[in-house]
Amino acid sequence: MITMIGGFFWLGGELLLPGVAVLCSDWKVLQGAISGALLLLSGYWCCHLLFPESPRWLLATRQLNRCKAELCLFSRANGIDTGEDFAGRESLFTEIDSLWRGFPRPRYYSFCSLVGTRLIWRNALILGFTTFIGSGIRPCFARNLMALGGSTPYFLQAGSEVLACISLCITVNHWGRRAVLLLFTILTGFCSLLLLALTQYLFTAVSIAISVLGSLSSHAVVMLSVFYASEVLPTVIRGSGLGIILGLSMLGRASFPMIVLQQRSGFFLHHVVFSSFCILSVLSLLLLPETKRKALPDTLRQGEGLRRPPLLLQATQDAVPLLSHGKPRADYNPDSYAQLASSTKKMIRSNSTHGQDNKALTND
């Protein structure tokens, strides 16, 4: 949820950027205005009350005292009186104390802690690779939009990003994270291959429509990959893992300015490489687990427990019995072994008695 809200704020900044650029009228003034706005965010780092630490992360890393202090801070901010006596507050955290007996030592993790895992590093690698591909392939679509001239290509890309965010909010909770990510990745690769093979044979309007669709799907791939990573990565390394994945996204975005500086000499090779990587990304996404309606993992062990769903539907047992069940006997109770044994003996005796009677009737 927070990841999607952050994505909408990112889009809001992109939509406001042209207006700020018009007001500044000089790129140096614009750069200073953006840097000044970023300096205001340092207040969150300096003031603990504005940006407190996550109690979930503190609990996962065994920092119980800080976790309790943060929860008391949240309760006071919500107008809940926890009492002045700290001993009285301890009774409110009996569930936290039951998780860790005694005085556990804090345990910190870094991104290098993924080396000893079997599945978490693979999931992080796949999502980071997909984010890099989604960001790096966007210049392939932006190049065809340059034919419109002016600021139209910029607003077309920003509008496609807004539509991508809205479509993710609608589809992700219904179809699942992996299925939607696969859909948009396939759509991105399909649009890229169409432009790569048929650009000179397509009308300008068709080429622009495919480019807008590819820009929409590529942004959806990037945003959903980051959102997916926030659910797959455990709490103990979620911050560092998301930082690495977002860094790969920025690295993919930097590919287009590098091509422009080289006077577009390697644009065709760039398009071919990223289209091939997009197909490889589709195959690797099949190894990811589904996190829809599942609890967020906190520890590395819980992150290792996330398994991917089966690729194909498995055959299930036929629900229709081969023989129809008759009316249940009054002396048959499968829940009690003693009654089951006694009822079996009665059935054997009754069958033997009926067999002797039938034999006597036959002799008569």
Side-chain angles (χ1 to χ4, degrees), residues 1-7 52-64 66-67 70-71 95-101 104-135 168 172-173 175-182 184-185 220-251 280-311:
M1 183 65 180
I2 302 299
T3 307
M4 299 300 295
I5 294 175
E53 189 56 79
S54 171
R56 190 186 188 104
W57 178 79
L58 293 174
L59 183 61
T61 53
R62 305 180 184 181
Q63 304 181 55
L64 302 187
R66 290 186 60 189
C67 178
E70 295 294 338
L71 291 177
E95 185 176 356
I96 296 178
D97 295 333
S98 63
L99 295 176
W100 306 106
R101 299 292 183 182
R105 296 180 59 184
R107 187 175 181 181
Y108 302 98
Y109 298 85
S110 63
F111 197 77
C112 298
S113 303
L114 298 181
V115 177
T117 61
R118 294 179 59 251
L119 299 178
I120 301 177
W121 73 268
R122 186 192 67 186
N123 298 334
L125 179 63
I126 292 174
L127 291 174
F129 179 70
T130 307
T131 307
F132 173 75
I133 296 303
S135 299
L168 287 180
V172 164
N173 287 331
W175 297 344
R177 281 68 166 155
R178 192 179 73 155
V180 177
L181 185 57
L182 273 172
F184 282 112
T185 307
V221 167
V222 174
M223 193 168 184
L224 185 54
S225 298
V226 177
F227 173 69
Y228 206 168
S230 64
E231 294 185 342
V232 171
L233 297 177
T235 303
V236 292
I237 57 169
R238 186 170 295 132
S240 57
L242 286 178
I244 295 295
I245 292 176
L246 290 174
L248 291 175
S249 175
M250 296 298 106
L251 182 62
L280 180 61
S281 177
V282 171
L283 299 177
S284 62
L285 289 177
L286 298 175
L287 301 176
L288 292 177
E290 180 56 59
T291 58
K292 178 183 177 182
R293 297 189 179 93
K294 291 184 179 180
L296 294 177
D298 290 329
T299 61
L300 296 179
R301 179 177 297 180
Q302 293 178 359
E304 289 287 293
L306 294 177
R307 305 288 180 176
R308 64 172 179 84
L311 300 180

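Worth saying up front: this structure is predicted, and the values here are computed from it rather than measured.
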How long is the straight-line distance from [atom2] of [Y] back to [atom1] of [X], given to the nearest 0.5 Å?
X      : Y      : atom1 : atom2 : answer
Cys67  : Glu53  : SG    : CD    : 10.5 Å
Ile244 : Leu251 : CD1   : CG    : 11.5 Å
Thr61  : Tyr109 : OG1   : OH    : 8.5 Å
Phe227 : Leu168 : CZ    : CG    : 9.0 Å
Leu288 : Arg177 : CG    : CZ    : 13.0 Å
Ser284 : Leu125 : OG    : CG    : 8.5 Å

Show the nearest heavy-atom pair for residues [X] and [Y], with the distance to one decimal.
X      : Y      : answer
Trp57  : Val236 : NE1-O, 3.8 Å
Ile245 : Gly128 : CG1-CA, 4.1 Å
Ser230 : Arg238 : O-NE, 2.8 Å
Leu119 : Glu304 : N-OE2, 3.0 Å
Ser110 : Ile237 : O-CG2, 3.6 Å
Gln63  : Pro106 : CG-CB, 3.9 Å

Between the main-chain N or O of [Y] and the side-chain N or O of [X], is there a donor-acceptor pair closer than 3.5 Å?
X      : Y      : result
Thr235 : Thr299 : no
Arg178 : Pro289 : no
Lys292 : Asn173 : yes
Glu231 : Leu296 : no

- Name all pairs fulfilling the side chain to side chain donor-acceptor pair (under 3.5 Å) condition that reach into residues 114-135, sequence neighbours left out, sorted by first residue then second.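 Output for this query lists Thr130-Ser281, Ser135-Ser249.
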- Walk me through it: do Ile120 and Leu300 pass the test side-chain contact (heavy atoms from CB on, under 4.5 Å)? CA-CA 8 Å; Ile120 301 177; Leu300 296 179; 3.9 Å; yes
- Would you say the side chain of Val172 lies within less than 4.5 Å of the side chain of Leu224, judging by non-hydrogen atoms? yes
- Does Leu280 have any side-chain contact (heavy atoms from CB on, under 4.5 Å) partners at least two apart in sequence or in another chain, and if so, which? Phe129
